[in-house]
Participant: 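Below is a structure I'd like to ask you about.
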Amino acid sequence: DDSVRPPCQGPAKEVLARYVLAASSMNFTCCHTQLRLLSRGSKFVFPTFVICVWVYLSAHLLGGTDRLHILVKQQLRASPIVHSVVYKRSLGNFKRTEKYSIQNTSLPSTDRCSFMIGDRTPGILDNNCPSGYVDELLFKREYAVFKKSNFRVFVYPVQLDVLQVQRAERLKQEVNTPNRWLIEQKRTRPVNVNGIYALELFFPLWLNSGGFATSDPTQASSFFLNFSCTALKNTQRKRLPGQLVTQSYIARYVHKISESFPFWNQSFPHIYVCSHDMGAECGRAAGKAFFRKTTALVSTADTAGIDASRALWNEHPSVVPVGQPSKVFESKKDISTLPMVLRENVRLRQKIYSECKFVAMFIGTVRERPLREKLLNLYANSSDMLVATNIYGDEYQRAFSASRFCIVPRGLVVFTPRLTEAFLYGCVPVIISDNYEPPLINLFSWNNFAVFVREAEIHRLRTILNRIPQQKWNLLMSALLSIRQHFLYNNPPRDQDAFNMLLFQIWQRTRLH
C-alpha cells in the first residue's frame, strides 16, 4: 500500500528514519535510494546500517506487520531520530501515518516532563517523555477491540460442603499427628472485604455487575472456578491444616465439574483467583492437569518457586504430592495480580523533589520477615529514611507524600500491599523482592516508573536512591502518574482500572488458546 510508505525525498537528517521505515515496509527501491544517501559521508553510517539490516531481515521474517513497526520504534528510541506512528481507523482497518523529527539524545527537560495533579487523572504533558506503557498506541487499540469483543465468562455453579471435606481429611491424618496440625471442623469464614485478599470475594461479584458473566456456557470465552482459597484456609487456625483443607477442596471441586460439565475435559480456558499467600499452590492436590488447563490469578508471582519449596508446611507429603514441581507460577500462562487495596478518596498533592523530607519510607510489619528486619536494623535511626512499624491513619498517608520513594520489600512471600499503596498515594516504588513478577509486565515499562533493588543490595539502598538525580525522579513520577489508573481497584469498577486490566489479560490469553 503506497499510502503508508515513507517518501524517498527529504532533508539528509531524516535519511535514517526514512530508510528504517522503508525497510520495514519492504519498499526496496526506496531502501536503495536512502542507502546511497547514507553512504555520502553521514556520521551515522555504521550504526544506522546495522539497524537497517536488522529491520530489513525482520521485515522478511515478520511480513511487515504492525508488530514490526513496534520493534522499529523500540530501536529508534535509542537513536537521535524520534519516530511516532499514528493509527487512524478507516473502513474498519487501521492505517498508519509517519512523523519524523530530530531530537537530542539527552533526557527531556524537567519542565517538558512536568506532571499535573488535580481532579483529573494526571498525565505526561510532552509526548517525548518516557511513558509507562510498552506501547500506548497498541494498548489503546487492543483494549478497544477487547471492549467490543463480547468477552464473557461462565461461572461454574458448584459449591461443596467444606465440613465433609474436613472430615475426610481428618480421617487420613495419622494417630501421632501433632495437635497443632490436626484439622478442625469449622465452616468457612467470609473474606474480609477490606483485606488484601478481597479480590477473591469481589471478582465474581464484579463479573456479574459488569455484565461479563454469562449463564450460557456456549457463549463463554473463559470458565471461572468459583472458590475462595482464603475462606477455605481460614477454617483452620494453622497454615498447614488450612492448606490441606484448601487443596483437598479444590481437588474435589475439579473432579465435580469434570463429571458434571464437558468443558473441563475439552480443554476450554479456565481461570481462578487465589490472592492468599499460597497462590497457585492451592491446586497441587488436583493433579498436573490442573496446572496445565488453568490460568491462575495470584499475587504470589514467584517465578523461581522459592517460596513454594522452603516453607515448613511444604515439607509435609500431603501438601506437596510426589512428583509435583516446586515452581507453580508460570509466567507464560498465569497472571500476577495486585493485592487488593480499594481506592479511597485520595487527593494527590504536587510532590516536589527538594521539598520531600525523606529519601524513602517503609511502614509495615517486620516480625518473621527477615528482609524487613534487616531493613529496620539498617535504617530505623536514619534522619533521611523513614522506616517504622507503628504509624497509622492520616500520618501514614502523609508519610507517602513526604517521601521521594516508597520501599516495597517482600513480606512472608514475594508480594506486599505496599505496591498497590505506592500507586494509590502517587509514590515511586522501590521493589526489593527477587524473582517477583510485577503485574501487567507485558503492557507497562516498569523501569520507567519503578526502581528495582536486589535483596542482597539492601545495605546500599540509601546510596542507590541518592544517586538518582532530580531530573530522573521527575521522569519516574511522570510515568507513574500517567498509568496510575490501571493499578487501582474501584468498587464498582471503572474502565481500564485494575479489575478491567485483569479481564483484558485473560482475553488476550483466550485469543492465543
Side-chain angles (χ1 to χ4, degrees), residues 74 77-78 82 103-118 120-136 139 338 346 348-362 384-386 397 399-409 416-433 436-454 457-458 460-488 498 501:
Q74 292 174 346
R77 283 174 185 167
V82 175
Q103 298 289 347
N104 253 328
T105 55
S106 59
L107 287 174
S109 69
T110 301
D111 293 337
R112 292 202 351 244
C113 292
S114 61
F115 49 87
M116 297 182 63
I117 296 177
R120 64 185 180 84
T121 302
I124 295 176
L125 302 181
D126 192 316
N127 289 332
N128 294 321
C129 299
S131 169
Y133 298 89
V134 171
D135 190 287
E136 186 174 2
F139 164 72
L338 281 164
V346 176
L348 298 181
R349 298 177 181 178
Q350 186 168 3
K351 186 184 289 189
I352 300 175
Y353 181 90
S354 59
E355 295 181 2
C356 290
K357 183 178 179 180
F358 304 107
V359 174
M361 59 81 68
F362 167 75
D384 59 345
M385 301 273 283
L386 176 59
Q397 182 175 342
F400 283 89
S401 302
S403 305
R404 296 172 191 164
F405 300 95
C406 298
I407 306 172
V408 183
T416 167
R418 304 296 173 274
L419 182 59
T420 312
E421 291 175 336
F423 290 99
L424 183 63
Y425 298 117
C427 188
V428 176
V430 180
I431 300 174
I432 312 176
S433 182
Y436 173 58
E437 179 174 298
L440 303 169
I441 196 170
N442 295 326
L443 300 174
F444 298 98
S445 299
W446 276 82
N447 287 327
N448 285 359
F449 55 83
V451 178
F452 292 86
V453 177
R454 294 192 61 80
E457 297 292 310
I458 193 171
R460 298 183 56 246
L461 181 60
R462 180 196 281 112
T463 303
I464 292 171
L465 297 181
N466 279 327
R467 286 180 177 176
I468 298 177
Q470 177 179 350
Q471 187 180 22
K472 174 63 176 176
W473 179 83
N474 281 339
L475 298 179
L476 291 168
M477 277 294 298
S478 181
L480 175 83
L481 295 175
S482 72
I483 48 86
R484 174 176 175 260
Q485 60 171 323
H486 304 303
F487 293 84
L488 298 178
M501 295 306 293

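Remember, it's a predicted structure, so these values are computed and weren't measured experimentally.
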Participant: Take Leu481 and Arg484, measure what side-chain contact (heavy atoms from CB on, under 4.5 Å) needs, and give me the verdict at the end.
Facilitator: CA-CA 5 Å; Leu481 295 175; Arg484 174 176 175 260; 4.2 Å; yes

Participant: Going from CZ on Phe405 to CG on Asn466, what distance comes out if it is rounded to the nearest 0.5 angstrom?
Facilitator: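 Interatomic distance, Phe405 CZ to Asn466 CG, rounded to 0.5 Å: 8.5 Å.
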
Participant: Counting N and O atoms only, with roles assigned by atom type, does the side chain of Ser478 sit under 3.5 Å from a partner on the main chain of Leu475, one being a donor and the other an acceptor?
Facilitator: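 Judged by distance alone, no pair lies under 3.5 Å.
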
Participant: Taking salt bridge (Lys or Arg N to Asp or Glu O under 4.0 Å) as the definition, give me every residue that meets it alongside Arg467, ordered by chain and number, with sequence neighbours left out.
Facilitator: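 Partners of Arg467 under the salt bridge (Lys or Arg N to Asp or Glu O under 4.0 Å) test: none.
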
Participant: Taking all atoms of both residues into account, what is the closest heavy-atom pair of Leu338 and Phe487, and its distance?
Facilitator: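 Leu338 and Phe487 have their closest heavy atoms at CD1-O, 3.2 Å.
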
Participant: How close do Asn447 and Leu476 get, counting heavy atoms only, and between which atoms?
Facilitator: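 Residues Asn447 and Leu476, closest heavy atoms: O-CD2, 3.9 Å.
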
Participant: To the nearest 0.5 angstrom, please state how far the OG atom of Ser131 sits from the CZ atom of Phe139.
Facilitator: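 The distance works out to 10.5 Å.
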
Participant: Verify side-chain contact (heavy atoms from CB on, under 4.5 Å) between Arg404 and Ile468, making sure each step is shown before the conclusion.
Facilitator: CA-CA 11 Å; Arg404 296 172 191 164; Ile468 298 177; over 6 Å; no

Participant: Less than 4.5 Å apart, side chain to side chain, heavy atoms only: is that true for Asn448 and Ile483?
Facilitator: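 No, every pair of side-chain atoms sits at 4.5 Å or beyond.
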
Participant: Judged by atom type as modelled, is there a donor-acceptor pair below 3.5 Å linking the side chain of Trp446 to the main-chain atoms of Pro438?
Facilitator: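 No, Trp446 side chain to Pro438 backbone: no donor-acceptor pair under 3.5 Å.
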
Participant: Any side-chain heavy-atom pair from Gln397 and Val346 closer than 4.5 angstrom?
Facilitator: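 A side-chain contact under 4.5 Å exists here.
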
Participant: Taking the side chain as every heavy atom from C-beta outward, state whether Val359 and Arg462 have any atom pair closer than 4.5 Å.
Facilitator: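 They are not in contact (no side-chain heavy atoms under 4.5 Å apart), so the answer is no.
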
Participant: Side-chain contact test, heavy atoms from C-beta onward, threshold under 4.5 Å: evaluate it for Met385 versus Ile407 and give yes or no.
Facilitator: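 When only atoms from C-beta onward are counted, Ile407 and Met385 do touch, with a gap below 4.5 Å.
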
Participant: Is the side chain of Lys351 donor-acceptor paired with the backbone N or O of Phe400 at a distance under 3.5 Å, no angle test?
Facilitator: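 Checking the backbone N and O of Phe400 against the side chain of Lys351, a donor-acceptor pair under 3.5 Å is found.
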
Participant: Are Glu457 and Arg454 ion-paired here, with the side-chain N under 4.0 Å from a carboxylate O?
Facilitator: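 Looking at Glu457 and Arg454, the cut-off is not met.
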
Participant: Would you tabulate the side-chain donor-acceptor contacts of residues 418-430 under 3.5 Å, counting partners in other chains and residues two or more places apart, or write 'none'?
Facilitator:
unit_1 : atom_1 : unit_2 : atom_2 : d
Arg418 : NE     : Ile363 : O      : 2.9
Thr420 : OG1    : Pro339 : O      : 2.9
Glu421 : OE1    : Tyr396 : OH     : 2.5
Glu421 : OE2    : Tyr396 : OH     : 3.4

Participant: Please name the pair of heavy atoms, one in Gly132 and one in Ala479, separated by the smallest distance, quoted to 0.1 Å.
Facilitator: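 Of all heavy-atom pairs spanning Gly132 and Ala479, the closest is N-CB, 3.9 Å.
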
Participant: Quick one: closest heavy-atom pair of Pro409 and Thr416, and the distance?
Facilitator: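 Scanning both residues, the minimum pair turns out to be O-CG2, 3.3 Å.
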
